[in-house]
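Read through the structure below, which is laid out as structure tokens, and then see the notes.
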Amino acid sequence: MANREDPIVHRIQLGSELRRLREAAGRTTTEAAEHLDCGQPRISKIEHGKLGIKPDEVQLLLDFYGASDEDAEAVLELAARRRSRTRLSYRDAVPRWFRRFLALESAACDLRIYETECITGLLQTAEYTRAVIRAWEPDADDQEIERQVHARLSRQAVLTRTDPPPARLEVIFNEYALRRVIGGSETMSVIQSPYQPSR
């Protein structure tokens, strides 16, 4: 299930805020690294949400950037929250490169999607998802397919959650995505029924 407390989201937000404050202060990543007594690549990774940072190190950077009390309070709160161990329960079923996207998607308030090839994952049924995965990975065993189906359907919780309120979803489909038969007529009858043109 998606969870707003996912630490990846907080790490990305924290890094973005630290970058904003550094740039507002006219400081370079090299200067920030020297102040923190670390390498410049570490500052870059922190600012891009790829690496964590301790709250006391955040405080050192805030002082160096001359952050206002209001900005400092907000950033330190993010630094504390990012230490939560809560995770997306289906993260292990997806590639590492996709996990950053999942974290952001799970915390989104508004989602806008344009789909040309197939029904977007947030609106797929289990059978439709199985058919798509089998088409892309014909050698995958049943257990792996079911793990991926669970991961994809679990993402749909972003549309039904209660706290925070569900995300607002806007989707534009190419007509081909609605008419392309995936998984047979029975699978498509569930997918296509709302979109069939009147005759």
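- Salt-bridge annotation for Glu170 and Arg168: present, with a side-chain N of the basic residue lying under 4.0 Å from a carboxylate O of the acidic one.
- Remark: Leu14 CG to Glu77 CD distance equals 11.5 Å, nearest 0.5 Å.
- A distance of 6.5 Å separates CG in Leu18 from CG in Leu62, rounded to the nearest 0.5 Å.
- Both Leu51 and Ile43 are part of a single hydrophobic cluster, where members link through side-chain heavy atoms under 4.5 Å apart.
- Applying the salt bridge (charged side-chain N to carboxylate O under 4.0 Å, His left out) criterion to Glu70, with sequence neighbours excluded, gives no partner residue.
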For a quick test of your reading: what N or O donor-acceptor pairs under 3.5 Å do the side chains of residues 24-35 make, sequence neighbours left out?
{"unit_1": "Thr28", "atom_1": "OG1", "unit_2": "Thr30", "atom_2": "N", "d": "3.4"}
{"unit_1": "Thr28", "atom_1": "OG1", "unit_2": "Glu31", "atom_2": "N", "d": "3.0"}
{"unit_1": "Thr29", "atom_1": "OG1", "unit_2": "Gln40", "atom_2": "NE2", "d": "2.8"}
{"unit_1": "Glu31", "atom_1": "OE1", "unit_2": "Thr28", "atom_2": "N", "d": "2.9"}
{"unit_1": "His35", "atom_1": "NE2", "unit_2": "Leu60", "atom_2": "O", "d": "3.4"}

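- With Arg147 contributing its side chain and Ala151 its backbone, the two residues share no donor-acceptor pair below 3.5 Å.
- A 4.5 Å side-chain heavy-atom check between Val181 and Thr187 finds every atom pair outside the cut-off.
- A distance of 7.0 Å separates SG of Cys38 from CD of Glu57, quoted to the nearest 0.5 Å.
- Membership of the apolar cluster around Ile172 extends to Tyr114, as traced through chained side-chain contacts below 4.5 Å between ILVMFWY residues.
- The backbone N or O of Ile12 sits nowhere less than 3.5 Å from a side-chain atom of Ser16 that would complete a donor-acceptor pair.
- Sorted by first and then second residue, the ring-ring contact (aromatic ring centres under 6.0 Å, His included) pairs with a member in residues 151-172 form an empty list; sequence neighbours excluded.
- Taking Glu17 as the reference, Arg20, Val75, Leu78 meet the side-chain contact (heavy atoms from CB on, under 4.5 Å) condition, with sequence neighbours excluded.
- Taking both residues in full, the closest heavy atoms of Ala167 and Ala108 are given as CB-O, 3.5 Å, listed atom of the first, atom of the second, then distance.
- Summarising the local packing, CG of Asp69 is surrounded by 12 or fewer heavy atoms from other residues, nucleotides or ligands at distances under 6.0 Å.
- Side-chain atoms of Arg11 never come within 3.5 Å of backbone atoms of Ile46 as a donor-acceptor pair (strictly under, hydrogens ignored).
- Among all heavy-atom pairs drawn from Tyr176 and Thr116, the shortest one is CD2-O, 3.6 Å.
- Residues passing the side-chain contact (heavy atoms from CB on, under 4.5 Å) test with Ile182 are Cys118, Tyr128, Ala131, Val132, Arg180, Met188, sequence neighbours excluded.
- To the nearest 0.5 angstrom, Arg155 atom CZ is 9.5 Å from Thr129 atom OG1.
- Legend: salt bridge (charged side-chain N to carboxylate O under 4.0 Å, His left out) pairs involving residues 119-128, not counting sequence neighbours, sorted by first then second residue: Glu127-Arg130.
- To the nearest 0.5 Å, the span separating CD1 on Ile145 from NE2 on His150 amounts to 16.0 Å.
- In this structure Tyr65 satisfies the ring pair (Phe, Tyr, Trp, His ring centres under 6.0 Å) test with no other residue, sequence neighbours excluded.
- Taking both residues in full, the closest heavy atoms of Pro166 and Thr160 are given as CB-N, 4.1 Å, listed atom of the first, atom of the second, then distance.
- Counting all heavy atoms, side chain and backbone alike, Arg42 lies closest to Leu36 at NH1-CD2, 4.0 Å.
- For Arg19, the salt bridge (charged side-chain N to carboxylate O under 4.0 Å, His left out) test picks out no residue, with sequence neighbours left out.
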Indicate every side-chain donor-acceptor pair of residues 133-142 with a distance under 3.5 Å to a residue at least two apart or in another chain.
{"unit_1": "Glu137", "atom_1": "OE2", "unit_2": "Gln148", "atom_2": "NE2", "d": "3.2"}
{"unit_1": "Asp141", "atom_1": "OD1", "unit_2": "Gln143", "atom_2": "N", "d": "3.2"}
{"unit_1": "Asp141", "atom_1": "OD1", "unit_2": "Glu144", "atom_2": "N", "d": "2.7"}

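- Residues Ile119 and Thr125 have side chains not in contact (no heavy-atom distance under 4.5 Å, counting atoms from C-beta outward).
- Taking the ring pair (Phe, Tyr, Trp, His ring centres under 6.0 Å) definition, one finds that Phe101 meets it with Phe98, sequence neighbours left out.
- Under the side-chain contact (heavy atoms from CB on, under 4.5 Å) criterion, Leu169 pairs with Leu111, Ile113, Leu122, Leu123, Leu159, Val171, not counting sequence neighbours.
- Shown here for Glu115 and Ala177, the closest heavy-atom pair between the two residues is O-CB, 4.1 Å.
- Within the model, atoms CZ of Arg152 and OG1 of Thr120 stand 9.0 Å from one another, a figure rounded to the nearest 0.5 Å.
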